[in-house]
There are 2 protein chains.
Amino acid sequence: MTTAKRDTYTPESLLSVAVQVFNERGYDGTSMEHLSKAAGISKSSIYHHVTGKEELLRRAVSRALDGLFGILDEEHARVGRAVERLEYVVRRMVEVLTAELPYVTLLLRVRGNTGTERWALERRREFDHQVAELLKAAAADGDVRGDIEVRLATRLVFGMINSLVEWYRPDSRGMGEREVADAVAQLVFGGLRNEA
Amino acid sequence: MTTAKRDTYTPESLLSVAVQVFNERGYDGTSMEHLSKAAGISKSSIYHHVTGKEELLRRAVSRALDGLFGILDEEHARVGRAVERLEYVVRRMVEVLTAELPYVTLLLRVRGNTGTERWALERRREFDHQVAELLKAAAADGDVRGDIEVRLATRLVFGMINSLVEWYRPDSRGMGEREVADAVAQLVFGGLRNEA
DNA sequence: AGAGTAACCGAACGATCGGTCGGGACAAGG
DNA sequence: CCTTGTCCCGACCGATCGTTCGGTTACTCT
């Protein structure tokens with residue numbers, strides 16, 4: 001009894017189309033007309049599924065934030081040596097970024113023009129802060145180098161990971177998410193220099 | 001004979017105001033009305049100095065691109081062992097990013113909606129490509145680890161450096177651009193792990 | 001003082017913005 | 001058959017978009 005309904009939009013399926021357009025043109029650069037063309041329905045029909053443009057943005061960034069904060073609730077992120085928890089979180093961040101790529105991409109690009117965007121920025125800062133605490137604990141354990149300030153190191157590592165949304169595409173053959181997670185972890189913890 | 005002119009706008013001084021607003025609200029999210037408020041002159045007066053909104057964007061990204069490509073022309077980027085040229089370019093990129101922060105910020109955020117934006121994206125790719133060649137040469141010399149693909153490593157390093165525009169502010173005391181350049185270089189080449 | 005011009009302004013242009021409205025097509029349940 | 005509710009549409013709203021235009025102010029030069 002596979003659900004054989006009419007071929008129609010749900011708020012979720014409409015969201016996936018909208019997020020794709022948002023990422024191509026930017027949120028402000030996307031008009032409801034653009035969305036209607038991409039979705040194949042009229043502009044007014046969109047309002048049957050969602051209350052407006054901003055709800056689409058809110059749904060998208062919520063999904064991304066849920067994915068990221070979910071990492072911190074997992075067991076390997078809560079128990080164990082700080083440096084190992086940190087490496088786990090770094091690897092899981094790569095996985096979440098690749099799995100929820102369009103939603104996280106949109107999250108990382110909000111500027112703060114509307115209330116929804118400012119809320120998203122605040123949640124992001126909270127997540128960053130919690131990972132920074134993890135890095136600080138690892139530094140206190142003496143497991144990561146102490147000659148780089150924790151705040152600075154956190155931002156640089158986040159910069160590396162978050163840059164995934166600028167170039168990673170799931171269809172690009174020969175570069176699975178596992179390979180990317182390994183590369184990020186090796187680069188973050190071991191650096192570029194050859195140890196030989 | 002210090003030039004004591006009237007207190008008026010030049011295309012350059014207007015640009016610095018415009019770029020600041022562009023970075024706060026996003027290019028598409030910024031109207032000419034916003035610019036006129038920020039500049040303290042009327043909307044129509046802006047057109048006395050520049051042909052339109054897009055010229056402001058073009059001037060801004062051109063300035064950023066000139067700064068970046070200028071690095072590759074410098075002597076330390078052209079002669080010497082590849083790994084050392086690479087480290088020099090990485091450090092100079094940090095310096096250019098901090099020195100021309102608002103202009104590079106704008107460059108790194110263009111999406112490709114207009115012809116100017118697509119041209120900027122193309123120039124960026126060209127710059128990335130040339131640095132990737134440098135990393136490839138360093139790998140061939142055996143000076144950087146060979147277990148991470150060159151393309152992937154380049155993108156991750158660029159991601160870390162370019163993330164500067166998301167948080168670095170020149171007025172933030174206690175974090176000079178030299179300190180940032182050192183941290184980036186140490187993190188990129190040595191990694192986070194404690195060597196003790 | 002008068003001419004020339006750089007800098008600026010308010011008003012308005014057509015186009016497009018996000019969003020609303022009344023109604024039609026169509027499948028499901030009786 | 002007819003009703004009900006989902007899904008969708010074209011037409012339209014006031015507001016705002018980037019840009020243009022005619023005209024005024026204010027400084028420079030002679």
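To find a chain, count down the sequence lines: A is the first, B the second, and so on, and within it residues start at 1.
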What nucleotide, of C/dG19, D/dC17, C/dC9, holds the atom closest to the side chain of B/S31? D/dC17
Whole angstrom is fine here: how far is it from NE2 in B/H34 over to C1' in D/dC17? 11 Å
Nearest-angstrom distance from the residue atom CE of A/M32 to P of D/dA15: 20 Å
Between A/Y27 and B/G40, name the one whose nearest nucleotide on DNA chain C is closer to the 5' end. B/G40
Using side-chain heavy atoms (C-beta onward) and a distance below 4.5 Å, is A/L97 in contact with A/Y168? no
Once ring pair (Phe, Tyr, Trp, His ring centres under 6.0 Å) is applied, do any residues pair with B/F69, and if so which ones, sequence neighbours excluded? B/F127
Please list residues of residues 43-54 of chain A whose heavy atoms come under 4.0 Å from any atom in DNA chain C, ordered by number; otherwise none. A/K43, A/S44, A/Y47, A/G52, A/K53
Rounded to the nearest Å, what distance is computed from the CG atom of residue A/L14 to the P atom of nucleotide D/dC7? 12 Å
Can you tell me which residue pairs pass the ring-ring contact (aromatic ring centres under 6.0 Å, His included) test with a partner in residues 74-111 of chain A, sequence neighbours excluded? A/H76-A/Y88
Select one nucleotide: of C/dC17, C/dG18, C/dC9, the one nearest the side-chain heavy atoms of B/I41. C/dC9
With sequence neighbours left out, write down each residue that passes side-chain hydrogen bond (donor to acceptor under 3.5 Å, both in side chains) with A/R151, or none if nothing qualifies. none
Mind calculating the distance between CG (B/D28) and C1' (C/dC17) to the nearest angstrom? 13 Å
What does B/T30 touch in the nucleic acid at a heavy-atom separation under 4.0 angstrom: a base, only the sugar-phosphate, or nothing? sugar-phosphate
Can I get a per-line list of side-chain donor-acceptor pairs under 3.5 Å for residues 152-159 of chain B, giving both atom names and the distance, sequence neighbours left out?
| residue | atom | partner | partner atom | Å |
| --- | --- | --- | --- | --- |
| B/T154 | OG1 | B/V150 | O | 2.8 |

Which pairs with one or both residues in residues 10-28 of chain B pass salt bridge (charged side-chain N to carboxylate O under 4.0 Å, His left out), sequence neighbours excluded? B/E12-B/R59
Return the value, rounded to whole Å, for the distance between atom CG of A/L35 and atom P of D/dC9. 14 Å
